[in-house]
There are 2 protein chains.
Amino acid sequence: MRRNRTKSGEARLTDVAKLAGVSPITASRFFRNPEALSISKRERVESAAKELGYVPNLAARALASQRSEVIGVLIPSLTNNVFSDVLRGIYDVAQNSRYSIQLVNTRYSILQEEKLLRLFQAQKPAGLIVTGINQTAESRTVMQAMNCPIVQIMEIGNEPVDMMVGFSHYDAGFTAISHLLSQGRKRIGFLGARMDPRVQRRFDGYRDAMKAAGLLDQRLIVTTPVPTSVTMGGTLFADLLIRAPDMDAVFCVNDDLALGVVFECERRQIAVPDQMAIVGFNDLEFSASSVPSITSVRTNRYEMGRHAVTMVTETIENRRPEQPIVDLGFELMVRQSSAKVA
Amino acid sequence: MRRNRTKSGEARLTDVAKLAGVSPITASRFFRNPEALSISKRERVESAAKELGYVPNLAARALASQRSEVIGVLIPSLTNNVFSDVLRGIYDVAQNSRYSIQLVNTRYSILQEEKLLRLFQAQKPAGLIVTGINQTAESRTVMQAMNCPIVQIMEIGNEPVDMMVGFSHYDAGFTAISHLLSQGRKRIGFLGARMDPRVQRRFDGYRDAMKAAGLLDQRLIVTTPVPTSVTMGGTLFADLLIRAPDMDAVFCVNDDLALGVVFECERRQIAVPDQMAIVGFNDLEFSASSVPSITSVRTNRYEMGRHAVTMVTETIENRRPEQPIVDLGFELMVRQSSAKVA
DNA sequence: CAATCCGATGGTAGCGCTGTCAATATTCGT
DNA sequence: ACGAATATTGACAGCGCTACCATCGGATTG
C-alpha cells in the first residue's frame, strides 16, 4: 500500500513523476542530467517538482547509487587563522559544486586523525582532504583502501598518498633566515610554539641556514609544545633574551608570535629593527599594518583550499590534474621589522 | 541472488549477523542499543563485526530510519576569529557525540542563508544551529517546517524560532560606552566595519548611551560595509579624526579594528589612553598582551558553541532545556587603552 | 497453577532512489 | 524508402538498513 507522499508529508520522486506523467527514472534523470531528456519532458518534470516542492532524499540517492557527494576534510585546528583561510577556499569552491564538505578536527593528533579517517570510511566519501604528510602507517593504509581522490594539503613531499598541494616549509624557513643573514644579522633566534610537523620543517630550514653560515647556537633556540598566541610570543622572547642577550634578530614560526615579540620589544624599549629584527610567518592581515610592520612569509592559503577541492572534483570527473603535486610557493614580504641596520 | 558481501567488498550487517548466528535485526540493535541484547549475543556480534571489519552504511541507516544524525550549522564567515571560537565549541561537543556537523557559510547574506536552509531540508538534519536572529520570513517558515531542534546563536531576542543562546549586543555596546563616559570621556567615536545585525545592535547601544548623556554627534560615527581588518581600523580612525579632531575616545566594534587604531595612534604619536581611549569588542587573545593592552568586551564564544550543540542533542533525547533562551552574558575587560585620564 | 507481563529475538516489508538493460521513438545515410 | 544508428524512455530489481509487530520462553503474581 503506497501512500501518495512520504510519511512526513514530503513529495517523493515517484510523486513528481506521476504528476509529470513520466516514469520515475525519467524524473530521476531530470535532476542528475537534464540534457538527457527531451525539452517537453524536462519542462513537465520541472514544473511538477516545483508544484510539489520536491526535495531529493540524499540518503536514498547515496544508498542507491553507492556513493555519496561528501568530501571529507581533516584539519588539526579550528582556531588557527591559517586554517580558516584554507577552509574558506575549500567552502567557496564546494558551495558552488554538488559536493558538500564534512569537516573534522584532529587537534594535532595523528591518532585522532586515524580514528576520524576510519569514521570517514563509513560515509564512502567522494574525496578526502587531509592536512600534512605525517599520517600514521595505518592511516595511509586506510586512505589507500578508500578508493577516492585524496589531497594532502599545507605542505608537499615526495610520497603523496594520491595528490598534494602546498609548499616547502623548509625552503620558506631557509629563505627567511637567508634574508636576515643578508641584512647582516648574526645572532638570529628561533621562536617556535606548538611544533607541528610543518613548523618542525621551518625549523630545519632555520637550522641548516644557520649551520651553513657557521652561526648555529642552541642558546638561540626556544620552543614550546603549547599552542601559539601573541602572549606566548612575548613570553618566549623574554626567555630567549635571557639565554642569548646578544640576539639581534628573531625568526618566529608565525605572525602571532611575531606580534607578541613586537609588543615585548616595545615594553622593553628594544628598538625594532635597529636592535632587533623580527620575521614572522603566514603574512596574516595585521602584519602589513602593525607598527612596525612585520616581515613575514606569505603563503597562498585560500588558493590552497580552492585547489584541493578542485583537484578532488576534477579527479572524480575523470579530469585528473596532470601534476599530482602542486607547489603554490611562498613569498617573503620584507617590511620594517627587518629593514637593514643603518 | 544475494552475494556474500557488498559489491565493493565490504561486509554488510547481514554478513555480520550470519557469522554471529543471529538475525540481522539483532545485529542492527547491537550497534544502536547494545544493552538490549543478552551478553552472549552481544559478544558474538561484536567479534563477528570485528572479524569482517564491518562499517555501517550511514546512507542505508538514514534511509531506513527516516532520520540522519547531522546537525546543520549556518555561519556567516569562516574568516572571522569570532566564529572559529564558536565552531571549536560546536565541534568539540559534536565529535564526542554520535552527531556530525554539516557546516555552511552564508557570507553574511540572508538570501544565501535561505537557500542553504532549503538545502538542509533535503538532509533532514537532526538539528540546526543558525547565526543570529535576522532571518528572512521565508527562512523562518522553512525552519519551522523542519521539525527538528533549532538553536539561534550569537545573540538573543524575544522571538526564538525554537531556542537561543547568546548575549545582548545592545547591552554590551551600552556598557562599553558607559565605561568611557564614567572615565570622563565626552567625544566618543564609533568605528564600525561590516555592519551586520549584531554590530548594528552594538551601535544602537552606543547611540542610546551617547544620547542619554547628551553627547551624540553624527560626526563621531564612521562605518563601512567592507569586512573588518586591522588595516581598516587605522583607515577609519584617520577618517574619524578628520571629521572630529577633538575626539577623545573611540569604540571599535571589534578588536581587530581596535588594534588598527592602536597602531594608527602610534604612527601619529597620539598618546593612548591620555589623548585617546580605545575600547574593542570580543576580547581576542592579543588584546590582553598588546601595548597598550586593549579594553574589550569579553564574550563566551566557545561556550556558546558548546551550549548550542548540547541544547540540540538534549532536545533530541527528550531532555529539552527548561530555558529556551540562554544568556551567556559578557564582561568588560578594562585595560590600559581606556584607563582613567590622570 | 493459570493469567499476566516482560525481555530478547526474529520475520516481513519497506525507506526513496538509481543501475542496468531492454524497448521504443526519431533521425540519418544512401 | 529502408535498415541502421542514435536519442529517449521505461520496467525491474535491488542498495543496506531499520520500523513494526509477532513470537517465545521464563519470571511474577494472586
Side-chain angles (χ1 to χ4, degrees), chain A residues 1-45 49 52-69 98 121-124 126, chain B residues 1-45 49 52-69 98 121-124 126:
Chain A
M1 184 194 67
R2 297 288 278 200
R3 292 126 302 118
N4 242 345
R5 284 182 162 232
T6 234
K7 274 178 201 161
S8 40
E10 280 139 41
R12 279 163 305 171
L13 190 54
T14 11
D15 304 321
V16 175
K18 205 172 294 171
L19 183 62
V22 300
S23 75
I25 190 68
T26 301
S28 167
R29 277 193 273 259
F30 169 77
F31 294 102
R32 292 177 296 155
N33 183 20
E35 286 75 28
L37 302 201
S38 63
I39 305 284
S40 71
K41 305 243 167 183
R42 211 183 298 177
E43 282 164 356
R44 295 234 300 279
V45 176
L52 295 173
Y54 172 71
V55 181
N57 180 318
L58 265 31
R61 176 179 289 179
L63 178 58
S65 67
Q66 299 279 53
R67 61 198 156 71
S68 75
E69 292 184 339
R98 59 210 184 90
Q121 281 191 288
Q123 307 223 20
K124 301 179 198 296
Chain B
M1 186 194 66
R2 297 288 278 198
R3 294 124 304 118
N4 241 343
R5 282 181 164 236
T6 234
K7 274 178 201 160
S8 41
E10 280 139 40
R12 281 162 304 170
L13 190 56
T14 341
D15 305 321
V16 174
K18 207 174 291 171
L19 183 62
V22 299
S23 74
I25 189 70
T26 300
S28 167
R29 276 193 273 258
F30 169 77
F31 293 101
R32 292 176 296 154
N33 182 19
E35 285 74 29
L37 302 201
S38 62
I39 305 285
S40 71
K41 306 245 166 179
R42 211 183 297 177
E43 282 164 356
R44 295 235 299 281
V45 176
L52 296 173
Y54 173 70
V55 181
N57 180 318
L58 265 31
R61 178 179 290 179
L63 178 58
S65 68
Q66 298 279 54
R67 60 198 156 71
S68 74
E69 293 185 339
R98 61 211 183 87
Q121 282 191 288
Q123 307 224 18
K124 300 177 197 296

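Residue numbering restarts at 1 for every chain, and letters A, B, ... go by the order of the sequence lines.
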- [ ] Write down the distance between CD (Q66(A)) and C1' (dC17(C)), rounded to a whole number of angstrom.
- [x] 12 Å

Task: Partner residues of A49(B) under the side-chain contact (heavy atoms from CB on, under 4.5 Å) criterion, sequence neighbours left out - done: V16(B), F31(B), Y54(B)

Task: Results of side chain to side chain donor-acceptor pair (under 3.5 Å) for S23(A) - residues two or more places apart only - done: T26(A)

- [ ] Could you tell me the separation between the CD atom of E43(B) and the P atom of dA8(C), rounded to a whole number of Å?
- [x] 15 Å

Open item on the list: Using the side-chain contact (heavy atoms from CB on, under 4.5 Å) criterion, which residues pair with A20(A)? Sequence neighbours excluded.
Closed with: V22(A), R44(A), V45(A), A48(A)

Task: N/O (side chain, R67(B)) to phosphate O (OP1/OP2, dC17(D)) under 4.0 Å - done: no

TODO: Could you state the atom-to-atom distance from CD of E35(B) to P of dA8(C) in whole Å?
DONE: 10 Å

Open item on the list: My understanding is that only residues two or more places apart in sequence, or in another chain, count here; which of them pass side-chain contact (heavy atoms from CB on, under 4.5 Å) with A62(B)?
Closed with: A59(A)

Open item on the list: With nearest nucleotide decided by heavy atoms, which residue, S40(B) or A64(B), maps closer to the 5′ end of DNA chain C?
Closed with: S40(B)

Any N/O pairs under 3.5 Å between the protein and nucleotides 26-28 of chain D? List them or say none.
none

Task: Heavy-atom pair of closest approach, residues S28(B) and L13(B) - done: CB-CD2, 3.5 Å

Task: Most 5' of A36(B) and S65(B) on DNA chain C, judged by nearest nucleotide - done: A36(B)

- [ ] Send over the distance from K18(A) NZ to dG10(D) P, rounded to a whole Å.
- [x] 14 Å

TODO: Nearest 0.5 Å please: distance from the CD atom of Q66(A) over to the CZ atom of R61(A).
DONE: 15.0 Å

Open item on the list: Please report the distance, rounded to the nearest Å, between CZ in R42(B) and C1' in dA8(C).
Closed with: 12 Å

Task: Closest non-hydrogen atom pair, R12(B) against D15(B) - done: N-OD2, 2.6 Å

Task: Atom-pair distance (CG on N57(A); P on dG14(C)), nearest Å - done: 18 Å

TODO: Please work out which residues in residues 23-33 of chain B have a non-hydrogen atom less than 4.0 Å from an atom of DNA chain C and list them by number.
DONE: S23(B), I25(B), T26(B), R29(B)

Open item on the list: Output the rounded distance in Å from CG (L63(B)) to P (dA13(C)).
Closed with: 18 Å

TODO: Please state how far atom CZ in R12(A) lies from atom P in dG14(C), giving the value in whole angstrom units.
DONE: 12 Å

Task: Nearest heavy atoms of L63(B) and L63(A), plus distance in Å - done: CD2-CD2, 3.3 Å

Open item on the list: With a 3.5 Å distance limit and no angle check, can you tell me whether R42(B) reaches the backbone of P34(B) through a side-chain donor-acceptor pair?
Closed with: yes

Open item on the list: Can you tell me if S38(A) touches the phosphate of dT9(D), counting only side-chain N or O atoms and a distance under 4.0 Å to OP1 or OP2?
Closed with: yes

